[in-house]
Amino acid sequence: MTSASEFNDTEDDFELENEQEILDAEAANPNFRTEEEENTQEARRFRPRRRTTTEIERIHYRFVNERVVNDITLEVLYKPHTLTVLAVLCAFLLYTAFSSDATVTSDNIYSGLKAAGSLFLVISALAFPNGPFIRPHPILWRIIFGVSVLYVLLLQFTLFQSFADVKAVLKWLDPERLNKAVLEEKEYAVNCSDVSFERVWGHMDIFAVGHFMGWTMKSMLIRHSIICWYISIAWEITEVVFTHVLPNFEECWWDAIFLDVILCNGLGIIAGLQICKFLEMRQFRWESIKNIKTTRGKFKRAVLQFTPESFTSHDWFNNYAIRRALAIYCFVMIWLYSELNTFFLKHIFAIDTAHPFVFWRIILIGLISAPSIRQFYIYATDPKIKRLGMQCWVYCAVCALEAANCVKFGRDQLPSLQVTLITAWIFILAVGTLLCVWMSVWWVRQFEEVKEVSVGGATHECYLDSSHENLGAISEDVRKRRRRLQMSDSDYY
């Protein structure tokens with residue numbers, strides 16, 4: 001028989017020679033270490049420690065709710081420039097101190113409020129977190145966060161004033177258009193039996209365009225067709241329920257069903273979801289503008305800066321059935337309350353729909369809701385996120401304070417709420433939410449790819465187009481930061 005050593009003569013000889021070299025090197029240098037020992041020592045030095053669950057959740061929360069911009073090419077646009085801003089601010093303060101000599105008290109108050117608000121927005125641009133969005137620039141979303149905080153403080157301050165004082169402030173801001181005592185609103189529920197083409201076409205006013213544009217934006221934020229249709233129908237039910245409080249909600253049946261839900265809202269939902277589908281399938285190439293040679297290419301890259309850095313679909317449903325159902329219910333209720341606040345504030349303080357205050361409040365709510373919906377979605381879908389993002393928290397506070405102001409200043413103007421009807425409305429929305437969840441799950445099982453997998457002896461249904469890593473927020477920059485901190489996937493699952 002042939003021994004095994006006969007097949008390894010060369011290797012054994014090499015090992016013996018190598019061993020002798022090692023012994024000679026150790027004799028010459030007492031601190032000598034082999035390459036294997038160096039690697040072992042290096043691995044021990046950089047071996048990641050085992051983090052606790054609380055630490056992992058805290059780091060993960062920061063990663064997905066306070067995004068950072070990686071691979072910056074134009075560094076001058078992303079440096080804070082705090083000293084430059086401070087120098088400009090000091091120069092402006094000195095100029096104001098020596099040049100301002102206004103004696104009109106109202107003008108002084110107005111200028112002081114504008115200056116205080118502007119200073120707060122500068123501080124928010126420097127100190128507030130980025131939030132979940134980084135395009136077109138994180139500073140934009142930090143300023144929006146600052147505006148939302150200012151709006152919350154304004155609502156809180158208004159809550160402790162009298163109605164007469166609030167109206168006096170509104171008249172001071174706009175003596176011509178904000179001095180009305182009662183708001184004159186258009187009536188829609190008149191002669192509903194007349195369903196002629198001319199009558200229907202007469203209802204296609206600026207509000208119809210607003211319905212379409214609004215639902216295009218809303219569907220781009222929600223990114224789920226069934227939830228969008230459910231909220232659209234739920235709002236029409238809400239209008240019927242609150243007709244006894246706001247007569248302006250009353251409208252003909254064909255106006256509510258065909259013009260609002262099917263035509264304007266429906267086309268807006270379809271348009272918004274098609275835009276989402278285009279952005280989701282589109283391949284994003286974020287090349288540095290310095291590496292682009294042509295002027296046309298540079299211009300196209302500059303325009304693309306105002307599009308999302310990445311875009312993924314929202315999967316609102318998985319095996320966490322109870323948590324998801326409650327999350328959807330809370331989401332729908334907050335959404336409807338926010339819509340109701342628009343009409344109640346407008347009616348109580350007699351602000352015409354065409355006034356800029358109404359327009360800019362809707363724009364503000366839309367801008368605040370974009371990162372808020374993302375943060376709420378992360379909270380509802382990611383099991384490692386145990387608390388709401390701050391922008392979402394502020395948005396909920398805005399809705400609550402607006403509702404509180406409506407209750408305080410409207411209880412003497414508006415008819416009493418019918419408690420039974422409101423209770424039935426809340427119950428109907430709860431049942432509707434369960435039906436929405438069931439229909440969504442049924443739709444996925446019927447028309448999407450589903451695979452059954454066994455986990456821990458139990459069978460689970462996995463949707464092949466979604467996972468814990470595809471939540472629409474955990475992007476490549478988050479994974480890079482994990483690797484930089486030497487956090488493995490086993491820490492998360």
Side-chain angles (χ1 to χ4, degrees), residues 106-107 109-118 120-121 124 140 143-186 205-211 213-215 217-218 235 239 242 245-249 334-370 372 391 394-414:
S106 60
D107 293 342
I109 294 176
Y110 187 64
S111 300
L113 290 176
K114 288 194 300 182
S118 301
F120 182 83
L121 294 182
S124 66
L140 170 66
I143 292 176
I144 290 174
F145 191 11
V147 174
S148 65
V149 173
L150 284 177
Y151 187 48
V152 164
L153 297 177
L154 176 64
L155 291 172
Q156 180 68 76
F157 178 81
T158 305
L159 189 62
F160 289 89
Q161 311 308 309
S162 65
F163 180 78
D165 291 338
V166 175
K167 285 297 295 183
V169 172
L170 292 176
K171 293 178 182 178
W172 171 60
L173 293 174
D174 191 345
E176 295 182 2
R177 292 182 292 179
L178 294 179
N179 60 352
K180 298 179 180 179
V182 180
L183 181 64
E184 298 178 1
E185 296 181 296
K186 182 179 178 180
D205 51 11
I206 188 62
F207 297 104
V209 178
H211 274 268
M213 298 297 295
W215 271 105
M217 181 192 69
K218 293 170 186 176
W235 173 247
E239 286 186 332
F242 285 89
V245 182
L246 291 179
N248 181 247
F249 279 162
I334 294 174
W335 190 286
L336 295 178
Y337 277 122
S338 181
E339 296 276 2
L340 280 173
N341 290 337
T342 303
F343 292 91
F344 275 105
L345 290 173
K346 183 169 62 101
H347 184 85
I348 292 171
F349 295 106
I351 302 176
D352 190 76
T353 305
H355 195 276
F357 276 7
V358 178
F359 173 78
W360 288 112
R361 179 198 167 273
I362 293 175
I363 295 298
L364 174 62
I365 294 298
L367 292 173
I368 298 174
S369 64
S372 300
Q391 181 65 85
V394 171
Y395 180 76
C396 294
V398 166
C399 294
L401 285 170
E402 285 184 340
N405 279 277
C406 292
V407 171
K408 175 180 179 179
F409 299 117
R411 59 188 176 187
D412 295 332
Q413 301 182 38
L414 302 175

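Keep in mind that the numbers below use all heavy atoms, side chains included, and drop hydrogens, waters and symmetry copies. For the single chain, residues carry numbers from 1 onward in sequence order. Values in this document were obtained by computation on a predicted structure and should not be read as measured data.
For the pair H355 and D174, the minimum side-chain heavy-atom distance is below 4.5 Å. Here the side chains of T158 and K408 are not in contact, with every heavy-atom distance at 4.5 Å or above.
Of all heavy-atom pairs spanning Y395 and S338, the tightest one is OH-OG, 3.2 Å. The heavy-atom pair separating C396 from I334 by the smallest distance is SG-CD1, 4.0 Å. Looking at every heavy atom in both residues, G117 comes nearest to L150 through O-CD1, 3.9 Å. Here the closest heavy-atom approach between residue L121 and residue G146 is recorded as CD2-C, 3.7 Å. Listed here is the closest heavy atom pair of F409 and I348: O-CG2, 3.7 Å. The heavy-atom pair separating V394 from S148 by the smallest distance is CG1-OG, 3.6 Å.
Here the side chain of S372 pairs a donor or acceptor atom with the backbone of Q391 at under 3.5 angstrom. The backbone N or O of A181 sits nowhere less than 3.5 Å from a side-chain atom of K167 that would complete a donor-acceptor pair. S118 places a side-chain N or O within donor-acceptor distance of the main-chain N or O of K114, the cut-off being under 3.5 Å.
One distance of note links CG of L367 with CD1 of I144; it measures 4.5 Å at 0.5 Å rounding. Taking CZ of R411 as the reference point, atom CZ of F163 lies at 13.0 Å (rounded to 0.5 Å). For the atom pair OH of Y151 and CD1 of I365, the computed distance is 5.5 Å after rounding to the nearest 0.5 Å. Rounded to the nearest 0.5 Å, atoms CG (L178) and CZ (F357) are 5.5 Å apart. Here the straight-line distance linking atom CD1 of I362 with atom CE of M213 works out to 12.5 Å at 0.5 Å rounding.
With sequence neighbours excluded, no residue forms a salt bridge (Lys or Arg N to Asp or Glu O under 4.0 Å) with D165. Evaluation of the salt bridge (Lys or Arg N to Asp or Glu O under 4.0 Å) rule for E239 yields no partner, not counting sequence neighbours.
F249 and F344 have perpendicular rings, their planes meeting at more than 60° on a 0 to 90° scale where under 30° would count as parallel. Between W335 and W215, the ring planes lie parallel to each other; the angle is under 30°, not in the 30° to 60° tilted range.
When each of L153, L154, L159 is checked for a side-chain contact (heavy atoms from CB on, under 4.5 Å) with Q156, only L159 meets the rule.
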Hey, mind stepping through L183 and T353 against side chain to side chain contact (heavy atoms under 4.5 Å, CB included) and telling me if it holds?
CA-CA 10 Å; L183 181 64; T353 305; 5.6 Å; no
Under the side chain to side chain contact (heavy atoms under 4.5 Å, CB included) criterion, do I351 and L345 qualify, and how do the steps go?
CA-CA 8 Å; I351 302 176; L345 290 173; over 6 Å; no
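No more than 12 heavy atoms of other residues, nucleotides or ligands shown are found within 6.0 angstrom of OH on Y110.
Screening residues 341-354 for salt bridge (charged side-chain N to carboxylate O under 4.0 Å, His left out) gives E185-K346 as the qualifying pairs, with residues at least two apart or on separate chains.
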